[in-house]
Amino acid sequence: MKKNNILYGSLLLIAGLFVSCADYLDQVPDNILSLEEVFSKRSTVERYLATVYSTIPSELVDNNRAAISDEMDITFEENHDNYINAGSLTPSKDYFQSWNSFYQAIRSATIFINRVEACPDPELSDRLKSQYKAEARAPRAFYYFALFRWYGPFVINGDDEIPADADLTTMSIPRSPVDECVDYIMKELDMACEEGLLEWYISDLDYGRMTIPAARAIQARLLLYAASDLFNGNTDYVDFKNHDGEQLVNQTWSKDKWAKAAAANKYIIDNFDRFSLYTRNDDPYQSYQYLFLEDWNREVIFARNEAGYNNIEWNSPRFASGWSGWDPTQHIVDAYFTASGLPITDQLFVDKDPNYKEAGTISEDKGYALAGTWNMYVDREPRFYVSICYDNSRWVATAYPEICQLYYNGNTGKVAGTRNFSKTGYLLRKFSNPAADVKNGRMPSRSALIFRLGEIYLNYAEALNESDPGHPDILLYVNKIRERVGLRGYGTNEGDIFLKSSTQEAIRQLIRAERRVELGFENHRYFDCKRWKIAIETDGGDFWGMNVDAGRPEFYQRTVFEKRVYEFQHYLWPIPQNEIYKNKMLVQNPGWQAFD
């Protein structure tokens, strides 16, 4: 793509603005430049805007909570995910707490919004001022959404600049009810679109900026969350109130919330024809694999540049100098369909695959499986082979095309005296780049998806099933997802997978199963199970993998590797206790008061 160096030549630093999370204000204005000086020149204004963007999380790396869902385990005991899974989270523990960092980012965005128009530099035109102001408003709305999905109802600061040294009275602002929080984010994103967000990128120097499609994608996901069981008429939160008795979660269920979510997602499908499901060489495997490897492909709505993928590459097998530390569970392995598009259990309202079996090995290569592979991993769908490294599979890196041995004393299995092994008997393969060479420090940098069209299709299908069950678009868009990876769709035509039931509940479970696989390890599952109010069942109790303390064939026995704790209070993250002390109007989330 040709670069527009006339308009955006001064924004070269923006291309790398996500590399550091350091706050520009912390480094420069407080001791060198005043805010007046910062907003006196185009160059410093643009540097400040980069700071506003810098808190956007990397959903696939730093902010990925797959290891506290039923998708994955992280081997190393000192990792915060393991403390959380053991039930050690309290309002006083700093385990992945983001309340403070998001509010700091919100404050930075507010300062920018309030001051950019006064910049006297003639190089910063009125059109650019409007665009930049919109670009600060959209990330600010995203940070509020991020607070919402972790903590539920939040404190709305609006356009007021709260001083960093504000007294307790100024800091004491109550939380707003969920419906008001949702309305606020929606209106802010509408305003950003009207103020001057880019319709799309003028050049590759713009990648990573907020655009109108990105803003609409935030709205689409927000409305899906707001319509879900956790926030839509959740009577479990009948006593969740501000100190003055104001109800924070509306107790009346609303179908209209689902209809709005469906409309928001369909708006993206209908109005932005630049997006389509990514395909490569008409190959289902490559289409799914390179969706996450080819930067800014036609499915990407918004992504974070320079996303720190080194962390993922470092978790490659031990023989490739990796840590073998990001490990899928048996739960997610069993969720993938077979090559026939059928489940391996009777949990869905379709027949399970009669040809699936677990015992024994194959004597010669079959499809993606090598000779000697345990039958559990044979004739599975392409997304399984892209995502899961299982015993006797070849590693993805072309520099280390060895066959992975995940059993005891295998080349990347458990070995006495080392901690670099998988506790589940699997390694995460999805996102790994074939060009990566960890041993020699060559790990290609790339962006991390935050919003993609595949999610929008599934959002739309889910919301439509709740608001208008039986609508033909529901299976249409689920089947589009399956078609991309070579699987048969659901329906009544010849060749379709026949549904035993087409009730709303049956289709609901079908959509959730598809979402679990298609969006696996992309930081959706943890929040999906929360919003569906099923996380107590999915994220607590016994967690299963293979028997990593044994050689073959005993290795292939399903074995509990961990017992996790997930209770009612975990549906909403605890607000840090020091914030409760500072803000006397701030109520703690339900169930956490006893953990002070």
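Quick note: residue numbers are just sequence positions, from 1.
Proximity of Leu223 to Lys257: side-chain heavy atoms (C-beta onward) are nowhere separated by under 4.5 Å. Looking at heavy atoms from C-beta onward, Thr211 lies out of side-chain contact with Ile301 at the 4.5 angstrom threshold. A 4.5 Å side-chain heavy-atom check between Arg484 and Glu299 finds at least one atom pair inside the cut-off.
The existence of a salt bridge linking Arg65 and Asp81 is confirmed by a sub-4.0 Å separation between a basic side-chain nitrogen and an acidic carboxylate oxygen. The existence of a salt bridge linking Arg383 and Glu514 is confirmed by a sub-4.0 Å separation between a basic side-chain nitrogen and an acidic carboxylate oxygen. We find that Glu455 and Arg452 are not joined by a salt bridge, their nearest charged nitrogen and carboxylate oxygen being 4.0 Å or further apart. Under the 4.0 Å criterion applied to side-chain N and carboxylate O atoms, Arg209 and Asp206 are assigned as salt-bridge partners. The existence of a salt bridge linking Arg531 and Asp229 is excluded, since no basic side-chain nitrogen approaches an acidic carboxylate oxygen closer than 4.0 Å.
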| task | Show your reasoning for whether salt bridge (charged side-chain N to carboxylate O under 4.0 Å, His left out) applies to Asp190 and Arg216. | result | CA-CA 8 Å; Asp190 284 342; Arg216 298 307 184 196; 2.7 Å; yes

| task | Show your reasoning for whether salt bridge (charged side-chain N to carboxylate O under 4.0 Å, His left out) applies to Asp70 and Arg516. | result | CA-CA 10 Å; Asp70 60 356; Arg516 183 179 190 181; 3.0 Å; yes

| task | Might you work through the salt bridge (charged side-chain N to carboxylate O under 4.0 Å, His left out) test for Lys255 and Glu466, ending with a clear yes or no? | result | CA-CA 7 Å; Lys255 180 187 284 190; Glu466 301 301 331; over 6 Å; no

| Leu510 vs Leu475, side-chain contact (heavy atoms from CB on, under 4.5 Å): CA-CA, chis, key distance, verdict | CA-CA 10 Å; Leu510 179 151; Leu475 290 184; 4.2 Å; yes

| request: Would you sort out whether Lys241 and Glu246 count as a side-chain contact (heavy atoms from CB on, under 4.5 Å), showing the intermediate values? | output: CA-CA 5 Å; Lys241 301 175 180 179; Glu246 182 180 32; 5.9 Å; no

| query | What's the verdict on salt bridge (charged side-chain N to carboxylate O under 4.0 Å, His left out) for Arg140 and Glu188, showing C-alpha distance, side-chain angles and the deciding distance? | reply | CA-CA 9 Å; Arg140 185 174 71 172; Glu188 285 291 295; 2.7 Å; yes

| message | What verdict does the side-chain contact (heavy atoms from CB on, under 4.5 Å) test give for Phe142 and Ile450, after you've listed the backbone C-alpha separation in whole Å, the side-chain angles of each residue and the deciding distance to 0.1 Å? | response | CA-CA 11 Å; Phe142 184 83; Ile450 296 178; 4.2 Å; yes

| task | Go through the steps for Tyr53 and Arg304 under the test side-chain hydrogen bond (donor to acceptor under 3.5 Å, both in side chains), then give the verdict. | result | CA-CA 10 Å; Tyr53 273 102; Arg304 170 176 164 148; over 6 Å; no

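The two residues Trp296 and Ala303 come nearest to each other via the heavy atoms CH2-N, 3.4 Å. Across Gly158 and Tyr184, no two heavy atoms sit closer than the pair CA-OH, 3.5 Å. Nearest heavy-atom pair across Ala259 and Ser467 is N-CB, 3.6 Å.
A distance of 6.0 Å or more separates the ring centres of Trp573 and Phe96. Ring centroids of Tyr144 and Phe154 are separated by less than 6.0 Å, placing the two rings close together. Aromatic ring centres of Phe527 and Trp150 lie closer together than 6.0 Å.
Residue Asn459 forms a side chain to side chain contact (heavy atoms under 4.5 Å, CB included) with just one option from Leu224, Leu464, Ile269, and that option is Leu224.
Between Phe148 and Phe145, the ring planes lie tilted relative to each other; the angle falls in the 30° to 60° range. Between His570 and Tyr566, the ring planes lie tilted relative to each other; the angle falls in the 30° to 60° range. Ring geometry, Phe112 versus Tyr132: the interplanar angle falls from 30° to 60°, so the pair is classed tilted. Using a 30° and 60° split on the angle between ring planes, Tyr103 and Trp99 fall in the tilted class, from 30° to 60°.
In Glu483, the CD atom is not crowded: 12 or fewer heavy atoms of neighbouring residues, nucleotides or ligands sit closer than 6.0 Å. Counting heavy atoms of neighbouring residues, nucleotides and ligands inside a 6.0 Å radius, atom CZ of Phe568 exceeds 12 of them. At most 12 heavy atoms of other shown residues, nucleotides or ligands fall within 6.0 angstrom of atom CG in Asp282. Atom NZ of Lys260 sits in a sparse spot, with 12 or fewer heavy atoms from other residues, nucleotides or ligands closer than 6.0 Å. Crowding of Lys187 atom NZ: a count of heavy atoms from other residues, nucleotides or ligands under 6.0 Å not exceeding 12.
Residues Glu462 and Trp532 bring a donor and an acceptor atom of their side chains to less than 3.5 Å of each other.
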